[in-house]
Participant: 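Dropping the structure in here first, questions after.
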Amino acid sequence: MNRTRIVAGNWKMNKSYEEGRDLAKAIAENLQPSETVVVLAPPFIHLRGVAAIAEGVSNLHVAAQNCHQETSGAYTGEISAPMVRSTGAEYVILGHSERRQYFGEDGPLLAKKVKAALAAGLKPIFCCGEPLEIREAGTHVALVVEQLEASVFDLSPEDFAKVVIAYEPVWAIGTGRTASPEQAQDMHKEIRDAIAKKYGRDLAQQTSILYGGSCKASNAPELFSQPDVDGGLIGGASLDAKEFMAIIGSFPA
Ligand code: PEP
């Protein structure tokens with residue numbers, strides 16, 4: 001089964017507008033045409049500028065890092081899914097552990113955001129993953145399946161087919177501590193099995209499941225060679241064009 005391979009760079013709250021354009025240009029200029037889908041997720045203010053840079057590059061796409069659940073209204077400082085889509089962005093990251101932890105985003109709210117994104121024509125990159133204490137207690141699979149059930153498992157099969165899943169163990173995000181290839185593979189398989197139980201084998205086999213958590217050029221080849229790992233959601237290492245390009249080139253031949 002040839003699933004879409006995706007490498008997405010989550011810039012988080014980094015880069016001035018000029019620095020962001022420079023980074024996007026460096027990637028756009030060096031990206032070889034291939035079947036790997038590359039997604040840049042800059043801060044909101046960069047979206048239009050980065051989308052313009054990505055326009056002429058067939059496998060380069062743009063994502064927001066969040067969106068509001070309502071389409072418009074009196075929500076000072078917020079950005080809606082249709083506004084994101086109007087910039088040319090095609091994806092939106094939802095459910096990142098930093099949004100869950102620092103902004104109190106929970107399963108029901110994320111379910112609304114996922115639906116708002118899909119209604120606006122955006123593809124959600126839905127993040128799930130357990131904190132360290134849950135991993136140590138051995139209940140990580142149950143928690144991740146609960147996160148999926150709470151926010152994406154009530155979608156129609158047609159809508160679920162547009163969702164990309166990113167498994168990001170919280171203990172590996174920005175810590176330099178990566179899940180081992182075996183730990184990543186085990187969880188990705190559990191996620192795919194849960195999708196199969198809900199939506200059937202075919203849809204599960206078509207779903208791209210990305211790994212995130214201190215993924216870099218040195219460990220990406222081993223992670224990306226696992227059968228259920230379809231690419232990565234990259235934080236820190238996506239801020240450097242050379243490192244990010246090397247990660248993009250890390251899939252087995
Ligand atoms: C992330 O925040 O999605 C992430 C994976 O970060 P890092 O690669 O820096 O661990």
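All ligand and atom numbering here is 1-based and tracks the order in the structure.
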Participant: Non-hydrogen atoms of His96 versus ligand 1: any pair closer than 4.0 Å?
Facilitator: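 Contact check His96 vs ligand 1: positive.
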
Participant: Under 4.5 Å between side-chain heavy atoms, counting indirect links through other Ile/Leu/Val/Met/Phe/Trp/Tyr residues: same cluster for Leu148 and Tyr199 or not?
Facilitator: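 Same cluster.
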
Participant: Could you work out, with ring-ring contact (aromatic ring centres under 6.0 Å, His included) as the rule, every residue matching His61, not counting sequence neighbours?
Facilitator: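 With neighbours one apart ignored, the set is empty.
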
Participant: Do any nitrogen or oxygen atoms of Ala237 lie less than 3.5 angstrom from nitrogen or oxygen atoms of ligand 1?
Facilitator: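 N/O-N/O distance under 3.5 Å: no.
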
Participant: Quick one: which ligand 1 atoms are inside 4.0 Å of a heavy atom on Gly212?
Facilitator: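 Reading through ligand 1 atom by atom, the close ones are 5 (C).
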
Participant: What atoms of ligand 1 come within less than 4.0 Å of a heavy atom belonging to Gly213?
Facilitator: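 Matching atoms, with element in brackets: 5 (C), 10 (O).
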
Participant: Rounded to the nearest 0.5 Å, how far does CG of Leu94 lie from CD of Gln65?
Facilitator: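 Here the interatomic distance stands at 11.0 Å.
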
Participant: How far is atom 8 (O) of ligand 1 from the closest protein heavy atom, and which atom is that?
Facilitator: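 Here the nearest protein heavy atom works out to Gly235 N, 2.8 Å.
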
Participant: Could you tell me, atom by atom, which parts of ligand 1 come under 4.0 Å of a heavy atom of Gly174?
Facilitator: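 Counting atoms of ligand 1 from 1, those under 4.0 Å from Gly174 are 7 (P), 9 (O), 10 (O).
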
Participant: Is Lys113 salt-bridged to Glu105, going by a charged N under 4.0 Å from an acidic O?
Facilitator: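 Glu105 and Lys113: salt-bridged.
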
Participant: For Tyr167 and Glu130, which I'm curious about, is there any donor-acceptor pair between the side chains at under 3.5 Å?
Facilitator: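 Yes, Glu130 and Tyr167 have a side-chain donor paired with an acceptor closer than 3.5 Å.
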
Participant: In a table with atom names and distances, give each donor-acceptor pair under 3.5 Å that connects a side chain of residues 234-253 to protein atoms at least two apart or in another chain.
Facilitator:
residue : atom : partner : partner atom : Å
Ser238  : OG   : Ile234  : O            : 3.3
Ser238  : OG   : Gly235  : O            : 2.7
Asp240  : OD2  : Lys242  : N            : 3.3
Asp240  : OD2  : Glu243  : N            : 2.9
Glu243  : OE2  : Ala217  : N            : 2.9
Ser250  : OG   : Ala246  : O            : 2.8
Ser250  : OG   : Ile247  : O            : 3.2

Participant: Is it true that a side-chain atom of Thr139 and a backbone atom of Ala142 form a donor plus acceptor pair closer than 3.5 Å?
Facilitator: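 Not confirmed, Thr139 side chain does not pair with Ala142 backbone.
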
Participant: Considering the heavy atoms of Ala172, write down every atom of ligand 1 situated less than 4.0 Å from one of them.
Facilitator: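 Near Ala172, the atoms of ligand 1 are 10 (O).
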
Participant: Ion pair present between Lys189 and Asp228, side-chain N to carboxylate O less than 4.0 angstrom?
Facilitator: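 Judged by the 4.0 Å cut-off on N to carboxylate O distance, Lys189 and Asp228 do not form a salt bridge.
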
Participant: Below 4.0 angstrom from a heavy atom of Gly236, which ligand 1 atoms are there? Numbered from 1 as shown, please.
Facilitator: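 Answer, ordered by atom number: 7 (P), 8 (O), 9 (O).
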
Participant: Asn10 heavy atoms, cut-off 4.0 Å: which ligand 1 atoms fall inside?
Facilitator: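 Every atom of ligand 1 under 4.0 Å from some heavy atom of Asn10: 2 (O), 3 (O).
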
Participant: If you measure from atom 3 (O) of ligand 1 to every heavy atom of Lys12, Arg177, Glu168, Glu98, which option wins on shortest distance?
Facilitator: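 Residue with the shortest heavy-atom distance to the ligand atom: Glu168.
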
Participant: Could you tell me whether ligand 1 has any atom less than 4.0 Å away from a heavy atom of Ala166?
Facilitator: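 False for this residue.
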
